[in-house]
Amino acid sequence: MIRGVSTSIDATGPAPLETAPAPLEMRPRVGLSLFWRTFFLLSLLLIGSIVAWLQTFRALEFEPRAVQTSQQIASLVNLSRAALRYSDAIARVSLIKTLAEQEGVRILPSKPTDVYVVFDSASLDERVADELLKRLGPGTILASAVNGEQGFWVGFKIDSDAYWLLMDRDRFARVGGRTWLIWLITAAGLSLAGAALIARLINRPLKQLSFAASRVRDGDFDASRLDEKAVTSEIREVNIGFNRMAQQLAKIEQDRAVMLAGISHDLRTPLARLRLETEMSVADPEAREHMASDIDQLDAIIDKFLDYARPDHAELKPVNLRSVVEACVYAVQDHGDMRINTDVPKGLYVLADEVELARVIANLLENARRYGKTPETGIAVVDIAAKQRNEWVLLKVRDHGMGVAPEALPNLIKPFFRGDAARTAATGAGLGLAIVDKTVQRMGGIFALANTTSGGLAAHIKLQRPRVPIVEEAEAESTRPETVG
């Protein structure tokens, strides 16, 4: 029998829910999605291509442009020098005036007192300077200002006379760094936008396939259909194959449910006749009792088959968890080999199907009664605790038995699987934990099993909380305004 239902857990009770090892499905996953990985790879490829293009442009465009610019400037200087050398004084004045008006070139005599600033490497391209000095001779001076006047000044000599030739700096000015920066930012922005678009187009079918696979895993075959008219032939073939697979799985699942339900239903009638014949024809009371027990066990196994073959859809609504736990505990209070401790807050609600949730807790209690008895006492001590965490409610049902082998834990929720001999002293259908796992998933929750550090097996259930706060009926009655008659 149940020794007592308490609201607190003693030293042998389950560990706090926060310290329980989180099942794999509950742990947050850290990783890079396929979209971002594709986006980053495409971005690196495009940025590398832009840099390579820039270097190629510099090699194929800057060098010829520098040589061409220096040749034009050197030709202009040489022509001016030749014209000045072979013209008389009157023609020289007219030539200088014509060059200034039509070509924007000023020729001034150089004086010893002139103060000039030589071009540095940052202001004048080194390739242009080297080419000019090579063509105009070693005595050529390249200055950025003469007597405070800015410009492109070239100093040359005609015999013993020195002259300055002033030109507009736009003749040799390179494309500025700001212009290149604007072009690079524009190209990089367009490249990243194109990479994002390409990555999305590539990954959209995979994302749809992943979603459809998750729906098939949850048993929702109708919501897992993919587009069979996709433009890409490979994607279209994959979608068609996946849809055919989902249809076959749905048919297999339906046939399995119909078969289990049919077999279980057909066995009920002969079992009822056997029980009646046993009660009326067997004279030995002990033999009659054993035969009736066997028939009851067969009937319980049939119930397990019917529970496992139930539809995969459940109508969820707010359910008071403590009320369901108390009802399940009350149903097994006459068992002399169980002692149950509970720690479930009074106003704790979960989003579930009340009948399905009661079936889950009843299966866990029955599993603990059969396989979780303490070896020393032969009594199954079961602790039930629940706690709210954010948008979820964590429920823990733990026994104090011998536990199971770690390698057998993942197989306990498989249909018809049986663990080691320590937990199979009683006979059963091998569907109890499989029914629990399937029912919890049907209610949008997570179910996991784990051995406790102090011994025993703990079942962890994670269910959703209702989004709208629930008001207790007693509180609602007390706050309801009185009606004045």
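Side chains included, hydrogens not; waters and symmetry mates left out as well; all remaining heavy atoms used.
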Could you check whether any side-chain heavy atom of [X] comes within less than 4.5 Å of a side-chain heavy atom of [Y], counting everything from C-beta outward?
| X | Y | answer |
| --- | --- | --- |
| L364 | F447 | yes |
| D337 | R369 | yes |
| L395 | V350 | no |
| V397 | I361 | no |
| N363 | L433 | no |
| L351 | V393 | no |
| R359 | V355 | yes |
| V360 | V436 | yes |

- [ ] Report the C-alpha distance between M245 and L249 in whole Å, list the side-chain angles of each, state the deciding distance to 0.1 Å, and finish with yes or no for side-chain contact (heavy atoms from CB on, under 4.5 Å).
- [x] CA-CA 6 Å; M245 180 194 69; L249 290 176; 4.2 Å; yes
Open item on the list: For a quick check under 3.5 Å, do N243 and Q247 share a side-chain donor-acceptor pair by atom type?
Closed with: no
What's the separation between atom [atom1] in [X] and atom [atom2] in [Y], rounded to the nearest 0.5 Å?
| X | Y | atom1 | atom2 | result |
| --- | --- | --- | --- | --- |
| E354 | L316 | CD | CG | 12.5 Å |
| I240 | I235 | CD1 | CD1 | 11.5 Å |
| Q441 | I446 | CD | CD1 | 9.0 Å |
| R322 | Y349 | CZ | OH | 12.0 Å |
| E234 | N239 | CD | CG | 11.5 Å |
| L348 | K346 | CG | NZ | 13.5 Å |

Name all residues meeting the salt bridge (Lys or Arg N to Asp or Glu O under 4.0 Å) criterion together with [X]; count only those two or more places apart in sequence or in a different chain, and write none if there are none.
| X | answer |
| --- | --- |
| E228 | R225, R244 |
| R465 | none |
| K251 | D255 |

- [ ] Take L457 and N451 through the side-chain contact (heavy atoms from CB on, under 4.5 Å) test and state the conclusion after the steps.
- [x] CA-CA 5 Å; L457 183 69; N451 286 315; 3.8 Å; yes
Under 3.5 Å, sequence neighbours excluded: what are the donor-acceptor pairs made by side chains of residues 193-201?
none

- [ ] Take D383 and N341, measure what side chain to side chain donor-acceptor pair (under 3.5 Å) needs, and give me the verdict at the end.
- [x] CA-CA 5 Å; D383 301 320; N341 302 313; 3.0 Å; yes
- [ ] Under the side-chain contact (heavy atoms from CB on, under 4.5 Å) rule, what do H460 and L394 come out as? Steps first, then yes or no, please.
- [x] CA-CA 7 Å; H460 299 268; L394 303 181; over 6 Å; no
Open item on the list: side-chain contact (heavy atoms from CB on, under 4.5 Å), that's the test. Do L357 and L463 meet it? Break it down for me.
Closed with: CA-CA 10 Å; L357 182 59; L463 295 173; 3.9 Å; yes
With a 3.5 Å cut-off and sequence neighbours excluded, list the donor-acceptor pairs that the side chains of residues 206-216 form with protein atoms.
residue : atom : partner : partner atom : Å
S214    : OG   : F211    : O            : 2.5
R215    : NH1  : D218    : OD2          : 3.4
R215    : NH2  : D220    : OD2          : 3.2

Minimal non-hydrogen separation, [X] against [Y], with atom names:
| X | Y | result |
| --- | --- | --- |
| S191 | L46 | O-CD1, 3.1 Å |
| A358 | C328 | O-SG, 3.5 Å |
| A386 | P345 | O-CD, 3.5 Å |

Task: side chain to side chain donor-acceptor pair (under 3.5 Å) against T452, all qualifying residues, sequence neighbours excluded - done: R398
